[in-house]
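See structure below.
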Amino acid sequence: MKPTETVTRPEDVIDDATAAAAFRRLLRHLRHRTDAQNIDLMGLAGFCRNCLAEWVEEESNGKFDQETARFLVYGMPYVEWKDRHGGKATPEQLARMEESLTLNKTAEQEALDAELDEALDDSFPASDPPSLTDPSR
């Protein structure tokens with residue numbers, strides 16, 4: 001793929017080995033940057049370490065439970081990370097997070113709607129069935 005090519009989902013062009021290496025690098029970066037609190041990540045980007053752990057759990061098809069997925073993301077038990085690095089969220093941080101989560105829901109719903117529209121377009125014939133165009137049927 002050339003950088004100028006347009007594809008619907010560019011992330012799908014990334015091979016699994018490259019995607020896995022980039023994901024592991026992201027995890028190492030987040031483990032190093034303990035100053036970046038989950039609440040701040042949520043307020044800015046709409047996801048945090050817990051979200052990543054949830055995605056790992058979901059994508060593992062039952063291989064990892066929540067506790068294991070969090071351990072894989074945090075590099076230690078979640079309660080230990082929280083005790084060492086977690087802070088109390090301010091009302092401002094919580095408000096930013098809520099606003100950011102609203103954006104997630106909109107983008108997520110639009111993507112789901114687009115996928116559903118495409119699936120419906122593919123499942124229906126190009127013309128109406130005879131029962132709709134011929135009242136005697």
Side-chain angles (χ1 to χ4, degrees):
M1 179 180 157
K2 296 178 182 175
T4 56
E5 289 183 56
T6 303
V7 294
T8 304
R9 296 180 68 156
E11 66 275 14
D12 291 342
V13 177
I14 302 170
D15 63 272
D16 288 348
T18 302
F23 179 74
R24 290 182 183 106
R25 189 171 179 178
L26 171 63
L27 293 180
R28 286 191 299 271
H29 181 76
L30 289 172
R31 287 180 196 146
H32 171 72
R33 290 297 306 273
T34 57
D35 61 308
Q37 294 291 302
N38 281 338
I39 191 76
D40 293 324
L41 294 171
M42 289 294 289
L44 180 64
F47 80 101
C48 68
R49 294 169 184 88
N50 288 331
C51 298
L52 288 175
E54 184 177 306
W55 300 339
V56 167
E57 177 187 2
E58 289 171 3
E59 296 299 325
S60 77
N61 295 318
K63 183 176 178 181
F64 303 126
D65 61 12
Q66 182 184 48
E67 183 180 347
T68 303
R70 283 186 173 183
F71 182 90
L72 296 171
V73 168
Y74 285 94
M76 65 181 69
Y78 173 65
V79 293
E80 183 180 334
W81 189 93
K82 196 172 176 183
D83 286 344
R84 285 187 189 185
H85 308 293
K88 184 147 175 66
T90 67
E92 294 81 14
Q93 288 172 312
L94 291 169
R96 278 194 303 272
M97 180 189 76
E98 290 301 323
E99 183 179 337
S100 182
L101 289 177
T102 301
L103 297 173
N104 281 4
K105 292 174 188 171
T106 301
E108 182 178 314
Q109 192 58 52
E110 287 177 10
L112 290 173
D113 289 346
E115 286 181 29
L116 179 59
D117 287 346
E118 185 177 325
L120 289 174
D121 287 345
D122 292 342
S123 68
F124 287 108
S127 63
D128 290 332
S131 62
L132 292 178
T133 55
D134 181 0
S136 65
R137 290 184 118 187

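Heavy-atom basis, side chains included; hydrogens, waters and symmetry copies ignored.
In this structure Asp35 satisfies the side-chain hydrogen bond (donor to acceptor under 3.5 Å, both in side chains) test together with Arg33, sequence neighbours excluded.
For the pair Leu44 and Arg96, the minimum side-chain heavy-atom distance is 4.5 Å or more. Taking the side chain as every heavy atom from C-beta outward, Val73 and Tyr78 never approach each other to under 4.5 Å. Within the 4.5 Å cutoff, side-chain heavy atoms of Cys48 are placed close to those of Met42. Side-chain contact between Val56 and Phe23 is present, with heavy atoms from C-beta onward closer than 4.5 Å.
With values rounded to the nearest 0.5 angstrom, Arg84 atom CZ is found 4.0 Å from Met76 atom CE. To the nearest 0.5 Å, the span separating OG1 on Thr102 from CD on Glu99 amounts to 7.5 Å. Rounding to the nearest 0.5 Å places CG of Asn38 at 10.0 Å from CZ of Phe47. Note: Leu72 CG to Ser60 OG = 9.0 Å, rounded to the nearest 0.5 Å.
The two residues Thr34 and Trp81 have their closest heavy-atom pair at CG2-NE1, 3.9 Å. The minimum heavy-atom distance linking Gly43 with Ser100 is given by the pair O-CB, 3.4 Å. Arg70 approaches Asn50 most closely through the heavy-atom pair NE-OD1, 3.4 Å. Minimum heavy-atom separation, Ala69 to Ala53: CB-O, 3.2 Å.
Heavy atoms of other residues, nucleotides or ligands lying less than 6.0 angstrom from CD of Glu80 number more than 12. Surrounding CG of Asp16 are at most 12 heavy atoms belonging to other residues, nucleotides or ligands under 6.0 Å away. Residue-environment remark: CD (Glu59) stays at or below the threshold of 12 foreign heavy atoms within 6.0 Å.
In this structure, Glu67 contributes its side chain and Phe64 its backbone to no donor-acceptor pair below 3.5 Å.
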